[in-house]
Amino acid sequence: MEGPRSPRETELPQVLDFLNKKLRSEAPWSIAAEYPTALTPNNLHNMRIIADEERVLSHAVLKPLIIKSPHVIFKVGAIGSVVTDDQHRGQGLSTTVINDCLKSAQEQSCDIAILWTDLFDFYRRMGFELAGNEVSFVIEDNFEMPITNLSFSTDPKVAPDAIYRLYSSHSVNSVRTIEETRKFLSIPQTKIYTAWEPNGQLAAYAIEGKGIDLGGYIHEWGGSVPKLLSLLSFIRAKKGQPFTIICPKHSQNLIRELQTKSVTMNNGFLGMIKFVNFDQLAGKIKRSFRAEGVADIVLEKHPNHYVFGIGQDLYTINHETDMVRLLFGPMDYRAIGIFKEETVQKLEKVLPLPLWVWGWDSI
Ligand SMILES: CC(C)(COP(=O)(O)OP(=O)(O)OC[C@H]1O[C@@H](n2cnc3c(N)ncnc32)[C@H](O)[C@@H]1OP(=O)(O)O)[C@@H](O)C(=O)NCCC(=O)NCCS
């Protein structure tokens, strides 16, 4: 048995074959089509395998993302396609592969690592915790369009640069190219809904589904709130049944508008998050506070605890996972009742950090 190591270019078909058999046995497409920026020759150096002479036994892939937000530019290592051959489970192979992905994320200056899973306890063993915010709305009933002069389409042939233009206006988004947007648009089982201005410009878009995941879920969208709401109204009428839209918590205008409709709202987590370069992240956060006029922010990592607060209002945080939730949410500083009101008001200038990963970037 050898590894963890990156596959050689000639081994990529064998690795994809392993992933397809283990993770996509029912799908008529390759898993590489679902993650076109992660499972690609360009990202081979971020794939990790353990293999014996003939076969791949365990795999995981890291996809570093640069995510812009109003205060901080994050480098986030997304980890996905974690799997071990059935005959070799329970021997520590996945743990070894993931730890090697984390090492690589650290070497590539990622602030944090993130992954999406329902095996919470498996990843908690490696220090990941459910954190960040996600708000989802089930659009239960039809509602009236706020804007009536738009036309709507479900034609999947949409110019990637039009989508890219609206995507770029989000306050929190990953750095993508138009070429990457084109690849994302071709992911199997993706429905593309668009709203168009009378002059032919794209006004809003909504993307549903992504390979075997997110069927019935709008996971990427763009456009101004009234135009997007008009598009959602079109989708609800067209489907004739409820569907779900996933939103970042900082999309406050959209959330406020949706709450006036017949919806079911759910608060969830962005994903499972782990610090990778805490000191680097703390440096970014402290700079953000200084830019907001808060010079006495304290955010320090000691061998067995963290010290966090403002001025003299300081607390010791013993668990890394609590610190993750203090920085990325969900954490209501007022409700936990440890900080003075004056401190809470200052903390809320920057925290919780409005981190968001749009659906196409999740792996
Ligand atoms: C989950 C999976 C990747 C683990 O691979 P593995 O190589 O067996 O993992 P490791 O040997 O490193 O770790 C196994 C340990 O995790 C534990 N574990 C496995 N699945 C778990 C789960 N669902 N919840 C909690 N712990 C779990 C095992 O009990 C074992 O613990 P032990 O070492 O105390 O006995 C493997 O079972 C698999 O390929 N599953 C199918 C694909 C999948 O679900 N992938 C995850 C997608 S997010």
Side-chain angles (χ1 to χ4, degrees), residues 1-7 11 14-27 29-39 43 46-65 76-106 110 112-132 134 187-189 209-215 217 219 246 268-274 276 319-321 324 357-363:
M1 220 184 271
E2 45 143 355
R5 61 169 175 84
S6 294
E11 289 175 314
Q14 195 193 339
V15 174
L16 294 178
D17 188 51
F18 170 74
L19 296 178
N20 285 328
K21 286 209 175 86
K22 301 292 171 195
L23 298 175
R24 293 294 181 277
S25 55
E26 310 278 297
W29 60 82
S30 169
I31 191 167
E34 286 183 42
Y35 306 116
T37 58
L39 298 174
N43 199 43
N46 283 318
M47 294 166 76
R48 288 291 179 278
I49 55 166
I50 293 177
D52 64 12
E53 298 84 60
E54 303 123 50
R55 295 185 307 149
V56 178
L57 303 178
S58 188
H59 170 274
V61 63
L62 171 76
K63 174 65 190 170
L65 302 166
V76 174
I79 293 175
S81 295
V82 176
V83 58
T84 294
D85 177 66
D86 318 41
Q87 307 300 316
H88 294 81
R89 290 185 185 167
Q91 300 171 16
L93 299 193
S94 275
T95 307
T96 307
V97 164
I98 292 163
N99 282 332
D100 208 51
C101 288
L102 290 170
K103 183 164 156 259
S104 174
Q106 191 175 33
C110 291
I112 57 168
I114 189 165
L115 50 83
W116 295 271
T117 182
D118 48 10
L119 303 180
F120 307 133
D121 289 337
F122 175 64
Y123 290 103
R124 281 191 178 115
R125 295 155 43 110
M126 289 172 246
F128 286 86
E129 188 48 85
L130 286 165
E134 172 192 285
I187 293 176
Q189 304 279 91
K210 184 184 182 224
I212 65 163
D213 296 320
L214 298 170
Y217 286 81
H219 57 84
I246 308 172
F269 300 98
L270 173 60
M272 292 195 87
I273 299 178
K274 178 182 165 63
V276 173
H319 300 288
E320 178 181 340
T321 52
V324 165
V357 183
W358 291 93
W360 274 335
D361 292 317
S362 64
I363 61 167

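Indexing begins at 1, ligand by ligand and atom by atom, following the structure's order. Just so it is clear, the values below take in all heavy atoms, side chains as well, and ignore hydrogens, waters and symmetry mates. These figures come from a predicted structure and were not determined experimentally.
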*Asks:* For the residue pair Ala33 and Pro188, what are the closest heavy atoms and their distance?
*Replies:*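 Smallest heavy-atom distance, with atoms named: O-CD, 3.6 Å.
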*Asks:* Closer than 4.0 Å to some heavy atom of Thr117 - which atoms of ligand 1 meet that?
*Replies:*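 Those of ligand 1 that fall under 4.0 Å from Thr117 are 48 (S).
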*Asks:* Of the non-hydrogen atoms in Ser104 and Asn46, which two are nearest, and what is the gap between them?
*Replies:*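 For Ser104 and Asn46, the tightest heavy-atom pair comes out as OG-OD1, 3.6 Å.
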*Asks:* Could you check atom 41 (C) of ligand 1 against the protein and tell me its nearest heavy-atom contact, residue, atom and distance included?
*Replies:*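 Among all protein heavy atoms, the one nearest atom 41 (C) of ligand 1 is Arg89 NH2, 3.5 Å.
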*Asks:* Specify the protein heavy atom at minimum distance from atom 16 (O) of ligand 1: its residue, its atom name, and the distance to 0.1 Å.
*Replies:*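 Here the closest protein heavy atom is Phe122 CD1, 3.2 Å.
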*Asks:* Going by the closest heavy atom to atom 23 (N) of ligand 1, which one wins out of Leu119, Asp121, Thr96?
*Replies:*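 Answer by nearest heavy atom: Leu119.
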*Asks:* Between Asp100 and Thr96, is there a donor-acceptor pair closer than 3.5 Å when you use the side chain of the first and the backbone of the second?
*Replies:*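 Checking the backbone N and O of Thr96 against the side chain of Asp100, no donor-acceptor pair under 3.5 Å is found.
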*Asks:* Just jot down the ligand 1 atoms closer than 4.0 angstrom to any heavy atom of Gln91, in number order.
*Replies:*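 Answer, ordered by atom number: 11 (O).
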*Asks:* For residues 113-121, dump all side-chain donor-acceptor pairs below 3.5 Å to protein atoms at least two apart in sequence or in another chain.
*Replies:*
from   : atom 1 : to     : atom 2 : distance (Å)
Trp116 : NE1    : Leu270 : O      : 2.8
Thr117 : OG1    : Leu119 : N      : 2.9
Asp121 : OD1    : Arg124 : NH1    : 3.2

*Asks:* Using heavy-atom distances only, which candidate in Asp85, Val97, Val82 approaches atom 47 (C) of ligand 1 most closely?
*Replies:*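 That would be Val82.
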*Asks:* Under 3.5 Å between any N/O of Ser94 and any N/O of ligand 1: does that happen in this structure?
*Replies:*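 Min N/O separation from ligand 1 is below 3.5 Å for Ser94.
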*Asks:* Among the heavy atoms of Tyr123, does any lie under 4.0 Å from an atom of ligand 1?
*Replies:*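 Distance cut 4.0 Å: Tyr123 passes for ligand 1.
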*Asks:* At what distance is the nearest protein heavy atom to atom 8 (O) of ligand 1, and which residue and atom is it?
*Replies:*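 Answer, as residue, atom name and distance: Gly90 N, 2.7 Å.
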*Asks:* Testing Ile79, Asn99, Ile98, Val97 one by one against Arg48 for a side chain to side chain contact (heavy atoms under 4.5 Å, CB included), which residue passes?
*Replies:*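 Passing option: Val97.
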*Asks:* Distance below 4.0 Å between atom 29 (O) of ligand 1 and any protein heavy atom?
*Replies:*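 Answer no: nothing from the protein, no heavy atom, is under 4.0 Å.
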*Asks:* Sequence neighbours left out, what passes side chain to side chain contact (heavy atoms under 4.5 Å, CB included) with His88? Give chain and number order.
*Replies:*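 Partners of His88 by the side chain to side chain contact (heavy atoms under 4.5 Å, CB included) criterion, ordered by chain and then number, come out as Met1, Arg55, Leu57, Thr84, Asp85, Gln91, Leu93.
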*Asks:* What do the steps show when you test Glu34 against Arg24 for side chain to side chain contact (heavy atoms under 4.5 Å, CB included), and what is the final call?
*Replies:* CA-CA 10 Å; Glu34 286 183 42; Arg24 293 294 181 277; 2.7 Å; yes
*Asks:* So which of Asp118, Leu23, Thr84 gets nearest to atom 7 (O) of ligand 1, if we judge by its closest heavy atom?
*Replies:*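 Comparing heavy atoms across Asp118, Leu23, Thr84, the nearest one to atom 7 (O) of ligand 1 lies in Thr84.
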*Asks:* Give the residue and atom name of whichever protein heavy atom lies nearest to atom 12 (O) of ligand 1, and the separation in Å to one decimal.
*Replies:*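 Nearest protein contact, heavy atoms only, for atom 12 (O) of ligand 1 is Thr95 OG1, 2.4 Å.
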*Asks:* Do you know which of Ile212, Asp17, Leu19 makes side chain to side chain contact (heavy atoms under 4.5 Å, CB included) with Ile31?
*Replies:*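 Among Ile212, Asp17, Leu19, the one that satisfies the side chain to side chain contact (heavy atoms under 4.5 Å, CB included) with Ile31 is Leu19.
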*Asks:* Taking a cutoff of less than 4.0 Å between a non-hydrogen atom of the residue and any ligand atom, is Gly92 in contact with ligand 1?
*Replies:*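 Gly92 counts as a contact of ligand 1 under the 4.0 Å cut-off.
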*Asks:* Looking only at heavy atoms, what is the nearest atom pair of Cys101 and Leu62, with distance?
*Replies:*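 Looks like O-CD2, 3.8 Å.
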*Asks:* Take atom 35 (O) of ligand 1 and look for protein heavy atoms under 4.0 Å from it; say yes if you find one, no if not.
*Replies:*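 Given the 4.0 Å cut-off, atom 35 (O) of ligand 1 does not count as touching protein heavy atoms.
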*Asks:* Any carboxylate oxygen within less than 4.0 angstrom of a Lys/Arg side-chain nitrogen, looking at Lys22 and Asp86?
*Replies:*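 Salt bridge: yes.
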*Asks:* Answer side chain, backbone, both or neither: which part of Arg125 comes under 4.0 Å from ligand 1, heavy atoms only.
*Replies:*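 The answer is the side chain of Arg125.
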